[in-house]
Amino acid sequence: MVNTTDMMTKYFRSAVAAQANIGIDFKIDDFYQTNMESLIEGEIDSPICATIFQDINKKEEANGKKVPNEKSHLNIILCAKTIKTIFEANEKAKDEIEELTGIYFIPAILNHDGKLSCNVSDKKLPWFPREYLEPMIEPKLAIGKAESVDSFMSNHVAEISKINSWKSYIVFTKKLYEFVAESAFENNEVRSLDTQESNLELDKNVYIFIDKSINSTYHIMKLYNHISNNHSEKKLYEKFMLTKLEETVPLINDDIEAMKLHVGQMGGEYPLSCSQREAINHFNIMEEGEILAINGPPGTGKTTLLQSIVADMFVKRAINKDKPPIIVATSTNNQAVTNIIDSFGKIDNTGMFNLENRWITNVDSFATYFPSVSQAKKGINNNYQFTNQKGEYFVENVDNEGNLTNSKVNLIKECSEYFDSDFNDVYACQNRLHEELVTLDNCKKSLLYIVQEADRFQLNGQPIDKYIIQLEEKTEALRAEISSYRQRVDEWKKCYYKIPFIYRILKFIRMFSKKIELEFRLHINEQEQDYITENMDFEQILERYSQLITAKLKKLSLTKEKRDRLISVKDKYDREIETLNRHKVIVHANDVNKYKLDLNTINHLLDTSIRYTEFWLAVHYFECRWVNGEYALTEKQKGKNYENVLQQFYTRLSMITPCLVMTFFVLPSQFQAYGDQKSFYMYNFIDLLIVDEAGQVSPEIAACSFSLAKKAVVVGDINQIEPVWSVNRALDKALAISNRVIQKESEFELLDVTGLNSSSSSVMQVAASSCKYEKYGEKGLFLSEHRRCYDEIIAYCNQLVYKGRLEPKRGSGRQDEKAAIKALPQMGFRQIDSKQSSKKGSSRYNREEAKEIAIWLMENFEALKTAYNENDLKNLVGIITPFKAQVHCLQAEVKNHLAKHAKHIEIGTVHTFQGGEKKIIIMSTVYGELDGCFFIDNNKSLMNVAVSRAKDHFWIFGDTECLKDNKSSASGLLKYYIKGNELKD
């Protein structure tokens, strides 16, 4: 294997370039018509060609783009094969097939003179939309098999690399079509794998579309192009591209040194869990160029962890009076990034005076969104703080003279109120906040040292005050024992000296010694039998008591010393707590375990008090620096993308919103700078790159962005919904070979091991292979404490995919006295008899099942609403179904039977619920008894997502006979969990 970053760069760039649309919608995209002869000859008629170029120029001019010179060429897509729409009596004969359904697409380059050429450089090849190839979850029209495409590509790798002309391209194009469709390329019909329809008639026209497939990855391609020609050191990028597993090192301990490094916490209501703390401890020792992979199953606190990491970096920089960190949180889809934005705008207050409010005006979140142009409207509709590289919208609104003046006045007022002092200017506030921040951080370190000192006394989890009382009681007991020993010595002396003198003098004579033994035997009490024997003489008895008293005195001395030292520790602890209370950090209010000084308890205390307070002090400290104009741009600088300007822009913005949120498709463009009359990228500029939902991100989409950062924390779950791969495995192999990443097909398995491929992997897999830590025998850390679902619900997911590694923490719903609905099971079903589902085009639906669900909700919704006393009804009920056709059917039935609350009930496929949660999830299976349940058993990840959306109840509505009886399958395991839990009328 060629183990170089350069080769991997070229390979991933080729994979991005090769990605084509799965299909093209004739109703949305403009198209032009030509014929098969022109396609084969490779030349489009002049009038058509001229019209295409003219239309493109007009559109660009209408969009405000300058078109100084006519384009010399265009990327196009030729739809060579389209199913003909046949009408009978003015009605479509085949309603399930859309009008103008393209089944075979050929990417090409159209030159200004009408000549066609193949896109050799980007390795763009013809394709069949995957939805028309078997096997299918939702059969539509089947014109071939996916394995046929893979087989053909695998056997023609050499031919692909030799394509260099339109003639050779067409030869390859025909071969591919005929091998997969098993129909001649020139024929106007294609055989169908549907037994009811042997052949489908094809449209004679060839349709021309402008190739827009590269647009979404435009900025990714530009960055790859630049990386290919830039050989500066990019440690993080090089780590991501390593074609071997990172060597594993031992996990670090959660000790005092690790605890000292953790300084900031964004939420103050709950402490971190053990696995979250383990993650942040390992994050805190990361060096530049490292990737930390964190496997985060649903409900295990990924968002809380990410907030903690951001807060921790933010506070560290404030303590050191440094620049704020540049932190970018990203993923591939807008839902994932907007979830991050929402979470950073919802920090619950704990009642710490006015500290937990923003002291500057018009800023209410710790995240700023950088949307694409098409998503800017979403930012407006959702009231997000959003901007762009030019500093428009949010930045423009807050970073103006009027808002700065208002912020300054408000900041001084709030600061004066918090510290009970009068401040005259922002600089005084800034200094006082920093002084307070340092004081509290020193208190935190002192508390940790105190706990470390207390830990040496092996308190075994006992509160120190109670242990001191025990030591005092032990001291008194020892004193009492010593006193009793001394008293007993006196009694022994009296006993001995009462014995006649002659006996004592002549004790060496047996007769007299026996008389002495008799006296001693009578004098030994019950307690002394353990250490005094009847054959001991008086001196031996005194010696034994001397030993006992000496041992007890030593023990008494050690106990007193231990007590005195613990009292000293307790006094130090009290003084630190008193200091914190004076500084408005309230700890131990009404806490019965006030003096429980073990490391775990003190860490919980620090999270919810000192670390949380430190975060807010850091927030206001940086607000002061922002109001004071640090890194402010001049009017001439605003909107420019010179490197020094962008550095100032991002640094200033990060003072007030430490998390910058954007998708991977936008990210490269935001860190593209201009200087020395050329564009370039700000490599190694981002302090931390956070990748969320990394299990849904294909590696080639994300890899290039790692070049812009120093460190990366990658969070995701490979047991949830997978990425949408746009490159099939066979083509992926061809790309890897042609870019010399591997030498032969058999070596592709090595890319599977590291996850560095574009057809079956994710960023989560790559990050795990790049991470030097291992948990439960798998690469990367693991968040294990689950708190979202009742134990009965998450147990299904735990057994299905997580190998029992999740630790349910919420408890049993059956035993929860506060459970809203006690009469209904956590995992249950409602039987709806059905022999078979119906088909609509490629999808399935079951109208009777949808109607039954709607009726049940109509009859029970008010009761559910009352039971939960729920104001936000949108979080109450969700309905999940495998099929889009059933979604529409359910929406219609719910609207018909439950019009009042229809808008409050979210209905969708599993994909639409990714990242969400509801109190109650109802799953409409759709399948009838005779259908089986291919969808449920085809992908365990989908069922994992579906079930884990439910916090309190997950109910199956449908015919349970479609579920298998084998517990090793997803449906069989589901049947086992709902068995006996039927929802009756």
query = So Phe685 and Phe671, would you call those rings parallel, tilted or perpendicular, with 30° and 60° as cut-offs?
reply = tilted
request  = Looking only at non-hydrogen atoms, find the nearest pair between Ala279 and Leu292 and report the distance.
outcome  = O-CD2, 3.8 Å
ask   = Taking all atoms of both residues into account, what is the closest heavy-atom pair of Ala702 and Val763, and its distance?
value = CB-CG2, 3.4 Å
request  = Spell out, as yes or no, whether a donor-acceptor pair under 3.5 Å connects the side chain of Asp816 to the backbone of Lys818.
outcome  = yes
side-chain hydrogen bond (donor to acceptor under 3.5 Å, both in side chains) involving Asn410 - partner list, sequence neighbours excluded = none
inquiry  = Please determine whether a side-chain nitrogen of the Lys or Arg among Lys323 and Glu630 lies less than 4.0 Å from a carboxylate oxygen of the Asp or Glu.
reply    = no
ask   = Under the side-chain contact (heavy atoms from CB on, under 4.5 Å) test, which residues partner Asp364, sequence neighbours left out?
value = Gln385
task = Would you check if Glu578 and Asp574 make a side-chain contact, meaning some heavy-atom pair closer than 4.5 Å?
result = no
remark   = With sequence neighbours left out, the residues meeting side-chain contact (heavy atoms from CB on, under 4.5 Å) with Glu356 are Asn349, Thr350, Met352, Tyr612, Trp616
ask   = Hey, are the side chains of Ile412 and Cys429 touching, using non-hydrogen atoms and a 4.5 Å cut-off?
value = yes
ask   = Between Lys570 and Tyr595, is NZ or CZ placed under 6.0 angstrom from the six-membered ring centre and within 45° of the ring axis?
value = yes
ask   = How about Phe423 and Tyr418: are their ring centroids closer than 6.0 Å?
value = no
query = In terms of side-chain heavy atoms, does Asp598 have a donor or acceptor partner in Thr601 at a distance below 3.5 Å?
reply = yes
ask   = Within the side chain of Arg787, is there an N or O that forms a donor-acceptor pair under 3.5 Å with the backbone of Lys809?
value = no
remark   = Taken in chain and number order and not counting sequence neighbours, the residues that satisfy side-chain contact (heavy atoms from CB on, under 4.5 Å) with Asn281 are Ile252, Asp254, Ala258, Arg277
Residue pair Val395 / Gly391: nearest heavy atoms and the distance that separates them = CB-O, 3.6 Å
Quiz: residues 445-459 side-chain donor-acceptor pairs under 3.5 angstrom, not counting sequence neighbours:
from, atom 1, to, atom 2, distance (Å)
Ser446, OG, Asn442, O, 3.0
Tyr449, OH, Lys260, NZ, 2.8
Glu453, OE1, Lys572, NZ, 3.4

query = Is Asn684 reaching over with its side chain to a backbone N or O of Lys710, donor-acceptor style, under 3.5 angstrom?
reply = no
key: Ring-face cation contact, Tyr790 with Arg810, 6.0 Å cut, 45° max   = yes
query = Could you give all pairs that pass the side-chain hydrogen bond (donor to acceptor under 3.5 Å, both in side chains) test and reach residues 304-321, with sequence neighbours left out?
reply = Gln265-Ser308, Asn284-Asp312, Asn284-Lys316, Asp312-Lys316, Arg317-Asp687
ask   = Is a side-chain donor or acceptor of Arg625 paired with a backbone partner of Pro324 at a separation under 3.5 angstrom?
value = no
key: Those residues that, when tested against His583, pass side-chain contact (heavy atoms from CB on, under 4.5 Å) (two or more places apart)   = Glu436, Thr439, Leu440, Thr579
task = State whether Glu435 and Arg432 are salt-bridged, where the test is any N-O pair (Lys NZ or Arg NE/NH1/NH2 against Asp/Glu carboxylate O) under 4.0 Å.
result = yes
message = Taking the side chain as everything from C-beta on, heavy atoms only, tell me whether Leu236 gets closer than 4.5 Å to Ile291.
response = yes
query = Just wondering, do Ile294 and Leu783 contact through their side chains at under 4.5 Å, heavy atoms?
reply = yes
request  = Starting from the C-alpha separation in whole Å, work towards a yes-or-no answer on side-chain contact (heavy atoms from CB on, under 4.5 Å) for His786 and Asn798.
outcome  = CA-CA 10 Å; His786 175 91; Asn798 211 1; over 6 Å; no
ask   = Can you tell if the side chain of Asn581 reaches within under 4.5 Å of the side chain of Ile577, non-hydrogen atoms only?
value = yes
request  = Kindly indicate whether the side chain of Ser762, heavy atoms from C-beta on, has any atom under 4.5 Å from the side chain of Gln696.
outcome  = no
ask   = Pairs in or reaching into residues 647-658: which pass salt bridge (Lys or Arg N to Asp or Glu O under 4.0 Å), with residues at least two apart or in two chains?
value = Asp399-Arg652
task = Decide, yes or no, whether a salt bridge links Arg788 with Asp952 under the criterion of side-chain N to carboxylate O below 4.0 Å.
result = no
task = Please step through side-chain contact (heavy atoms from CB on, under 4.5 Å) for the pair Ile610 and Leu580, ending with a clear verdict.
result = CA-CA 8 Å; Ile610 298 180; Leu580 289 172; 3.6 Å; yes
Pairs flagged by side-chain hydrogen bond (donor to acceptor under 3.5 Å, both in side chains) wherever residues 286-297 is involved - sequence neighbours left out = Glu290-Lys772
ask   = When Phe314 is tested against each of Phe366, Phe622, Tyr621 for ring pair (Phe, Tyr, Trp, His ring centres under 6.0 Å), which residue passes?
value = Phe622
ask   = Do Leu404 and Ile360 come close enough that some side-chain heavy atom pair is under 4.5 Å?
value = no
key: Lys408 and its side-chain contact (heavy atoms from CB on, under 4.5 Å) partner, picked from Thr361, Val627, Asp425   = Val627
Parallel, tilted or perpendicular: rings of His282 and Tyr773 (30°, 60°) = perpendicular
request  = Mind checking side-chain hydrogen bond (donor to acceptor under 3.5 Å, both in side chains) for Glu785 and listing every partner two or more places apart, or none if nothing turns up?
outcome  = Ser273, Ser275
task = Could you give me the CA-CA distance, side-chain angles and deciding distance for Thr368 and Phe394, then say whether side-chain contact (heavy atoms from CB on, under 4.5 Å) is met?
result = CA-CA 8 Å; Thr368 297; Phe394 167 67; 3.7 Å; yes
inquiry  = Just to verify, what does Glu417 make a side-chain hydrogen bond (donor to acceptor under 3.5 Å, both in side chains) with, not counting sequence neighbours?
reply    = none
request  = Could you tell me whether Lys775 sits above the aromatic face of Phe782, with NZ or CZ closer than 6.0 angstrom to the six-membered ring centre and within 45 degrees of the axis?
outcome  = no
request  = Without swapping roles, check the side chain of Thr657 against the backbone of Ser654 for a donor-acceptor pair under 3.5 Å.
outcome  = no
ask   = Does His620 have any side-chain hydrogen bond (donor to acceptor under 3.5 Å, both in side chains) partners at least two apart in sequence or in another chain, and if so, which?
value = Glu623
request  = Could you tell me which non-hydrogen atom of Pro808 sits nearest to which non-hydrogen atom of Asp791, and how far apart they are?
outcome  = CB-OD1, 3.2 Å
ask   = Do Lys919 side-chain atoms and Tyr868 backbone N/O form a donor-acceptor pair below 3.5 Å?
value = no
Phe283 and Glu278, any side-chain heavy atoms less than 4.5 Å apart = no
query = Does Ser421 use its side chain to pair, donor to acceptor, with the backbone of Phe419 at less than 3.5 Å?
reply = yes
Steps toward side-chain contact (heavy atoms from CB on, under 4.5 Å) verdict (Leu306, Val310) = CA-CA 6 Å; Leu306 296 182; Val310 171; 5.6 Å; no
inquiry  = Has His262 got a side-chain atom pairing as donor or acceptor with Gly264's backbone, closer than 3.5 angstrom?
reply    = yes
task = Evaluate the ring planes of Tyr369 and Tyr384, with Trp represented by its six-membered ring, and classify them as parallel (under 30°), tilted (30 to 60°) or perpendicular (over 60°).
result = perpendicular
message = If I compare all heavy atoms of Ser705 with all of Leu689, which pair ends up nearest, and what's the gap?
response = O-CD2, 4.2 Å
key: Test item: Lys239 side-chain N/O and Cys771 main-chain N/O as donor-acceptor pair under 3.5 Å   = no
ask   = Can you check whether Val585's main-chain N or O pairs, donor with acceptor, with Thr613's side chain at less than 3.5 Å?
value = no
